[in-house]
Novice: 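My questions all concern the structure below.
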Protein chains: 2
Amino acid sequence: MSTGNHKKPSPQREVSRRTGRPTLADVAESSGVSPITASRALRGIATVDPHLVSKVREAAATLGYVVNPAARALASAHSQTIVALVPSLSNQLFIEVLEAIHEVLLPQGLEVLIGDYHYSPDEEEKLIRNYLAHRPRGLLLTGFERSEAAQALLAASRLPIVQMMELANAPGVFCVGFSQQAAGAAVARHLLDRGRKRIAYVAAQLDARVMQRGEGFRHALQHAGLHDPALEMMTPARSSVAVGGDMFSELITNNPDVDGIFFCNDDLAHGAIFEAARQGIRVPQRISMVGFNDLPISAHMTPRLTSIRTLRADIGQRAATQILSLIKHEKLENPCVDVGFELIVRESS
Amino acid sequence: MSTGNHKKPSPQREVSRRTGRPTLADVAESSGVSPITASRALRGIATVDPHLVSKVREAAATLGYVVNPAARALASAHSQTIVALVPSLSNQLFIEVLEAIHEVLLPQGLEVLIGDYHYSPDEEEKLIRNYLAHRPRGLLLTGFERSEAAQALLAASRLPIVQMMELANAPGVFCVGFSQQAAGAAVARHLLDRGRKRIAYVAAQLDARVMQRGEGFRHALQHAGLHDPALEMMTPARSSVAVGGDMFSELITNNPDVDGIFFCNDDLAHGAIFEAARQGIRVPQRISMVGFNDLPISAHMTPRLTSIRTLRADIGQRAATQILSLIKHEKLENPCVDVGFELIVRESS
DNA sequence: CCTCCTCAAGACAGCGCTATCTTAGGCAAG
DNA sequence: CTTGCCTAAGATAGCGCTGTCTTGAGGAGG
């Protein structure tokens, strides 16, 4: 029933024509103020009479008005979005980080754009390029390693960035994480404390953090004079329970005297524990095993797995809080938050 | 080196002023065509001279132009976004579905807005309300149950919707999944085939799908005259390995004669297997156990877990393909795709 | 009583695109 | 050679908001 609309808007608009959704103009009209005032009222800008604010809010609720994010982003030159990039969604670890991020940011009216770059710097760069077009308010990234082009894009964007999982103390860098080296070293000391002499490092999915763990572990063993490079087993293959079992078999076949193993993550350790049971190799009697991340299942298997508990939820929560502060141009008392880690000693060692 | 073209834009714009990013106008200028032609060229609209298209593409690449999604969405009244809602991100199951969805949609230039509603219909409704404001091209939802308000919002949006995980054959409904009832029944038949007589169903996180599985399972047992309601153990608690162990302990204490258990998912079964080992209860000799979903670890534990393999990647991939067809207004040969399931028999039964 | 100041509310313009209409050529038919 | 039709390219307008300037009313000060 629309008449030719031309210059003036249609005389009676129940609801805007293009999308069938109410617009700010509808809210303004039905609450008897101008659109700008309605906009300000809904955004909580202080200069609006509280009485008008409640009128506008009511009208919006009645109409079921929800701001059009595209229009808002276009007019204000930035969206209400935070980009969060992780190297993998298959790893429970990052899911927990993302959940914590959501918990902090969604109540603030921000949206989280999740990107999974499958451990590929090229994919990460592409995601950054595409997501920057959304004019996000800030980015939460995993680790510090990325392509030069990606770094250039990020620098040019001048957006707040918080990097997660690792630590660095360069000026102007914001991060939330823990020292992967220190965690690796803690595992080494634990195995040494247990009297182990032939201690191996088994790793897959060799990202920067896995390498850092190995580094800390190696240094601690070297310090004790018990480092044997032949006992470092690494594969770029994606980490999995199956790979853990296979790597364990190979290791123990070639080095029957191994009496302690640090797995770069729990998946591998799970596979090894299952395989050891199948081969009749007693854990921890013959071999102590330690995992990394302390996934939920680790506390329940037989033997229960010793692991480094990483505070994923903490990391997500604090990184999100940091980015919020940066958006509000608040001073951060600590640009680089160390959430630490915890060695959870269980039956497997 | 452009001169002021007519009203009064800045005399020389290297790059647009507001955001520091190149705009379509920049691309148009540097390739010597009008902005509309540039727009059409970049969108692959056929009416543009191929020669011009490549000129525009080159200019865009040189400038590092990426379309402003907000402006595009505002002008065209819809975004390049597909909303995907899942009840939980903590469950590996849904992660695999989402990854498959990404794999199909990202190459098409679509973005995926992920929402996790934590099994709460209220949260789901809120997500739908907020995400509809983005004017997505379509929605991928989990299951059929949702609040009336949510259903009304969806209906009013007139957007393509594909529902995942379950099946229904109502007209105008698009779905990709499998029969949860049939899967439950298959497990029951398997346990009956193994000669089990006292067969229990242990379930947590009682969503619609868990109940459907239980229903199929129960009917099959009733059919065999071996259904005992006392052997159904359900808790609304979130499913976990720990809960599985606890429920198993309680079940076996109260019903020492149980000789077969169907767990509504693998997590619970894992916990039960670990707990049984600890209690010296032999699986499958004394009790057969069957899980659901066939998570990766199930194939590796001791005993290896019999489970229903669900084709998560298939579901995601096909649901995404369906929504693509719907967007393009293509006829779907099959509005309701049954991807089936597979009983993987292993040591635990 | 008038001026100056403050501040809430509104007018105005424009963000960067695309839908739609219009125009300019090119070509076949008469 | 004209007419009409087609197609490719451009002109125009406007999506729904918000940044910024302007207005006007009320209060303080001389």
Side-chain angles (χ1 to χ4, degrees), chain A residues 4-10 13 15-29 31-53 55-56 60 63 65-80 109 132-135, chain B residues 5-10 13 15-29 31-53 55-56 60 63 65-80 132-135:
Chain A
N5 57 337
H6 190 53
K7 273 258 149 125
K8 298 263 117 193
S10 48
R13 76 153 117 69
V15 115
S16 85
R17 49 276 68 143
R18 288 253 301 188
T19 64
R21 313 195 99 221
T23 69
L24 191 58
D26 299 318
V27 175
E29 189 175 304
S31 49
V33 300
S34 68
I36 312 84
T37 302
S39 168
R40 290 198 268 246
L42 292 174
R43 281 182 291 158
I45 288 178
T47 62
V48 183
D49 184 330
H51 183 246
L52 284 185
V53 170
K55 268 179 74 176
V56 172
L63 293 173
Y65 171 79
V66 179
V67 67
N68 179 329
R72 168 172 285 180
L74 187 57
S76 68
H78 56 71
S79 66
Q80 295 297 102
L132 283 179
H134 283 271
R135 309 263 85 218
Chain B
N5 42 357
H6 74 191
K7 276 252 143 124
K8 42 159 36 184
S10 48
R13 76 153 120 69
V15 116
S16 85
R17 47 273 71 136
R18 288 254 301 190
T19 64
R21 310 195 102 223
T23 69
L24 191 58
D26 299 319
V27 175
E29 188 176 307
S31 49
V33 299
S34 69
I36 313 88
T37 301
S39 169
R40 289 198 268 246
L42 292 174
R43 280 183 292 157
I45 289 179
T47 63
V48 184
D49 182 332
H51 183 245
L52 284 185
V53 170
K55 266 180 76 177
V56 171
L63 293 173
Y65 172 78
V66 180
V67 67
N68 179 328
R72 168 173 285 179
L74 187 58
S76 69
H78 56 70
S79 66
Q80 295 295 103
L132 283 180
H134 284 272
R135 313 264 81 220

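Residue numbers begin at 1 in each chain, while the letters A, B, ... track the order of the sequences.
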Novice: The criterion is side-chain hydrogen bond (donor to acceptor under 3.5 Å, both in side chains); which residues satisfy it with B:S79, sequence neighbours excluded?
Specialist: B:T81

Novice: Whole angstroms only, please: what is the NE2-P distance between B:H134 and D:dC17?
Specialist: 13 Å

Novice: Take B:A70 and B:I36, find for each the nucleotide of DNA chain C with the closest heavy atom, and name the residue whose nucleotide sits nearer the 5' end.
Specialist: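 The answer here is B:A70.
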
Novice: Could you state the CG-P distance from B:N68 to C:dT18, rounded to the nearest angstrom?
Specialist: 10 Å

Novice: In whole angstroms, how far is the C1' atom of C:dC15 from the NE2 atom of A:H78?
Specialist: 12 Å

Novice: Could you tell me if the side chain of A:L42 sits less than 4.5 Å from the side chain of A:L24, heavy atoms only?
Specialist: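 In short, these two side chains touch, coming nearer than 4.5 Å.
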
Novice: Look at the side-chain N and O atoms of B:T37 and state whether any lies under 4.0 Å from the OP1 or OP2 oxygen of D:dG10.
Specialist: yes

Novice: Counting side-chain heavy atoms from CB outward, which of D:dC17, C:dG16, D:dT20 is closest to A:L74?
Specialist: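 Ranking D:dC17, C:dG16, D:dT20 by closest atom to the A:L74 side chain puts C:dG16 first.
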
Novice: Could you work out which one of C:dA9, D:dA8, D:dG14 sits closest to the side chain of A:L52?
Specialist: C:dA9

Novice: Please give, in whole Å, the distance from C:dA8 C1' to A:H51 NE2?
Specialist: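 Taking NE2 of A:H51 and C1' of C:dA8, I get 15 Å after rounding.
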
Novice: What's the closest nucleotide to the B:A71 side chain, out of C:dC17, C:dT18, C:dA8?
Specialist: C:dC17

Novice: Does a side-chain heavy-atom distance below 4.5 Å link A:H134 with A:H78?
Specialist: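 Counting from C-beta outward, A:H134 and A:H78 never come under 4.5 Å.
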
Novice: Between P on C:dG16 and CZ on B:R43, what's the gap in Å once rounded to a whole number?
Specialist: 17 Å

Novice: Hey, are the side chains of A:R21 and B:L132 touching, using non-hydrogen atoms and a 4.5 Å cut-off?
Specialist: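 They are in contact (side-chain heavy atoms under 4.5 Å apart), so the answer is yes.
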
Novice: Atom CD of B:E29 and atom C1' of C:dG16: how far apart are they, to the nearest Å?
Specialist: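 Whole-Å distance recorded here is 15 Å.
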
Novice: Looking at CG of A:D49 and NZ of A:K55, how far apart are the two atoms once the value is rounded to the nearest 0.5 Å?
Specialist: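 Rounded to the nearest 0.5 Å, the CG-NZ separation comes out at 9.5 Å.
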
Novice: Check the pair B:R72, B:R43 against side chain to side chain contact (heavy atoms under 4.5 Å, CB included), reporting the backbone distance first and the verdict last.
Specialist: CA-CA 11 Å; B:R72 168 173 285 179; B:R43 280 183 292 157; 3.5 Å; yes

Novice: With respect to the side chain of A:S76, which nucleotide from D:dC17, D:dT18, D:dG14 is positioned closest?
Specialist: D:dT18

Novice: Is B:S34 close enough to D:dG10 that one of its side-chain N or O atoms is under 4.0 Å from OP1 or OP2 there?
Specialist: yes

Novice: Would you call B:N68 and B:T23 a side-chain contact if the rule is heavy atoms closer than 4.5 Å?
Specialist: no

Novice: Given atom CD1 of B:I45 and atom P of C:dT20, what is their separation to the nearest angstrom?
Specialist: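 Going from B:I45 (CD1) to C:dT20 (P), I get 12 Å.
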
Novice: For B:R72 and C:dA19, is the shortest distance between a side-chain N/O and OP1 or OP2 below 4.0 Å?
Specialist: no

Novice: Please state how far atom CG in A:D26 lies from atom C1' in D:dC15, giving the value in whole angstrom units.
Specialist: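 Between C1' of D:dC15 and CG of A:D26: 14 Å.
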
Novice: NA contact type, B:R40, heavy-atom cut-off 4.0 Å: base, sugar-phosphate, or nothing?
Specialist: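 Base, at least one base atom sits under 4.0 Å.
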
Novice: Can you figure out which of D:dG10, C:dG14, D:dA9 approaches the side chain of B:D49 most closely?
Specialist: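 Output: D:dA9.
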
Novice: Among A:V33, A:V53, A:T47, exactly one meets side-chain contact (heavy atoms from CB on, under 4.5 Å) together with A:R40. Which residue is that?
Specialist: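 The passing option is A:T47.
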
Novice: Looking at five pairs on each end of the helix from C:dC1-D:dG30 to C:dG30-D:dC1, what is the angle between the two axes, given to 10 degrees?
Specialist: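 The angle separating the two end axes equals 50°.
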
